[in-house]
Number of protein chains: 2
Amino acid sequence: MSQGEPGIELDTSLGYMLKAAASALHSALEAVLRPLGMTITHYSCLELLAQRPGLSNSELARGAFVTRQSMNVLLQALERQGLVVRPAQAPVGRALPTELTALGRRQIKMASAAVRRVEQDMLANLNAGEQDQMRRLLAACIASLTEPPASAT
Amino acid sequence: MSQGEPGIELDTSLGYMLKAAASALHSALEAVLRPLGMTITHYSCLELLAQRPGLSNSELARGAFVTRQSMNVLLQALERQGLVVRPAQAPVGRALPTELTALGRRQIKMASAAVRRVEQDMLANLNAGEQDQMRRLLAACIASLTEPPASAT
DNA sequence: TGACTCATGTCAGCAGTCTGACATACGGTT
DNA sequence: AACCGTATGTCAGACTGCTGACATGAGTCA
């Protein structure tokens, strides 16, 4: 663990730890969602719609961190299953505002509770101040990665 | 954006922010690795081998957060490309200790530098103390998610 | 009005990863 | 010595998500 070595120091690399944490969260979420017959993206889509009804396919894709093509496939499946509805024609532009059905709302309710439990597990050993700090730090990382073009003023 | 709604509050949910940060990092890494003809898992495998020569397929899989089946497919490809070598027979048990070739070492050198730059970009606005704090927080989250069976004392 | 740019929805093909299954090798137990 | 549980390597099939491509609709500017 000296520093003269080439490459990144895995055990202390924040990039690696971030990936490790995301992976652990991913696995934990999969574990609780599988019994409900849902995948993580499936859940993400429904959760987004529960909180922001009327989102379009592209907006959902950005919110769930997948391409709009992937989200489109998922939405078509969810539509077939009667969990969401989309108008046949766009009220404006091409965007089709999506809404949850009653069935969809029932599904997301169960899933959301399970996901909340996982998140609480994850934060079990962090007090409120530490959680705030973590929000700050993650937000800073996201910002730095997202808008690095905003340099060289 | 109000807080009376059901479900998880996306904008403040640490689970969601963790996913967002991981996704941003993932995209940034893809962007710098693609010109080098490498995927993230491809890079991860080589980086692990650079720092811990002799890792087995299963160990590499755990380190790169994929299944051993996926890593096996990748290793076979890397072997064909002459980036890594594995003995034809296991010296002990079934585990095949993998090593980088000279070509593999050359590849990982370029990639590692690029990845390091991305990580530094990500942490550009965090001082040393904040980075330490973030390590602590992420480690706590990982631990809580990994060994939650240690409850109900 | 017409041209250009941008965002969106959608189709098709491809790459990466996962689950399921099986055989092999080690270690501890009976 | 025989047995059992665990870990590993590997093959095969299925699935998910991504890239590439195209058409449509809205906004901007000359």
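Chain naming here is simple, since letters A, B, ... match the order of the sequence lines and numbering starts at 1 in each.
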Give a yes/no answer on whether the side chain of [X] brings an N or O atom under 4.0 Å of OP1 or OP2 in [N].
X: B:N57; N: D:dT8; value: no
X: A:S70; N: D:dC18; value: yes
X: A:R68; N: D:dA21; value: no
X: A:T41; N: D:dT16; value: no
X: A:N72; N: C:dT10; value: yes
X: A:T67; N: D:dC18; value: yes

Seminar exercise, completed: Result for 5'-nearest mapping on DNA chain C, choosing between B:Q89 and B:F65, is B:F65
Seminar exercise, completed: Per nearest nucleotide of DNA chain C, the residue lying toward the 5' end, A:R34 or A:P97, is A:P97
Exercise. Looking for any heavy atom pair under 4.0 Å, which part of the strands does A:T39 touch: base, sugar-phosphate only, or nothing?
Worked result: nothing
Exercise. Hey, does A:S58 reach any base, or is it just sugar-phosphate, or nothing, if we go heavy atoms under 4.0 Å?
Worked result: sugar-phosphate
For this session: State, to 0.1 Å, how close B:A21 and A:L138 come at their nearest heavy-atom pair, and which atoms those are.
Result: CB-CD2, 3.9 Å
Test item: [X] and [Y] side chains (from C-beta on) under 4.5 Å apart, heavy atoms:
X: A:T67; Y: A:M71; answer: no
X: B:R105; Y: B:T101; answer: no
X: A:V66; Y: A:T41; answer: yes

How many whole angstroms separate atom [atom1] of [X] from atom [atom2] of [N]?
X: B:H42; N: C:dG16; atom1: NE2; atom2: P; result: 10 Å
X: A:M71; N: C:dG9; atom1: CE; atom2: P; result: 11 Å
X: B:E59; N: D:dG9; atom1: CD; atom2: P; result: 8 Å
X: A:I40; N: D:dT16; atom1: CD1; atom2: C1'; result: 12 Å
X: B:E79; N: D:dG9; atom1: CD; atom2: P; result: 12 Å
X: A:E30; N: C:dC18; atom1: CD; atom2: C1'; result: 9 Å
X: B:L96; N: D:dA7; atom1: CG; atom2: P; result: 18 Å
X: A:H26; N: C:dC18; atom1: NE2; atom2: C1'; result: 10 Å

Exercise. Okay, side chain of B:T146, backbone of B:I142: is any donor-acceptor separation there less than 3.5 Å?
Worked result: yes
Exercise. Is the backbone N or O of A:E30 less than 3.5 Å from a side-chain atom of A:Y43, with the two atoms forming a donor-acceptor pair by type?
Worked result: no
For this session: Give a yes or no on whether a donor-acceptor pair under 3.5 Å exists between the nucleobase atoms of C:dA23, that is its base, and the side chain of B:R94.
Result: yes
For this session: Answer yes or no: side-chain N or O of A:Q69 and base N or O of D:dG17 forming a donor-acceptor pair under 3.5 Å.
Result: no
Problem set entry | Ionic contact status for B:R136 with A:E130, cut-off 4.0 Å | yes
Exercise. More 5' along DNA chain D: A:L74 or B:R86, using each one's nearest nucleotide?
Worked result: B:R86
Problem set entry | Short side-chain donor-acceptor distance under 3.5 Å, A:E47 and A:S44 | no
Exercise. Hey, what bend do you get for the helix from C:dT1-D:dA30 to C:dT30-D:dA1 if you fit axes on five pairs at each end, rounded to 10°?
Worked result: 30°
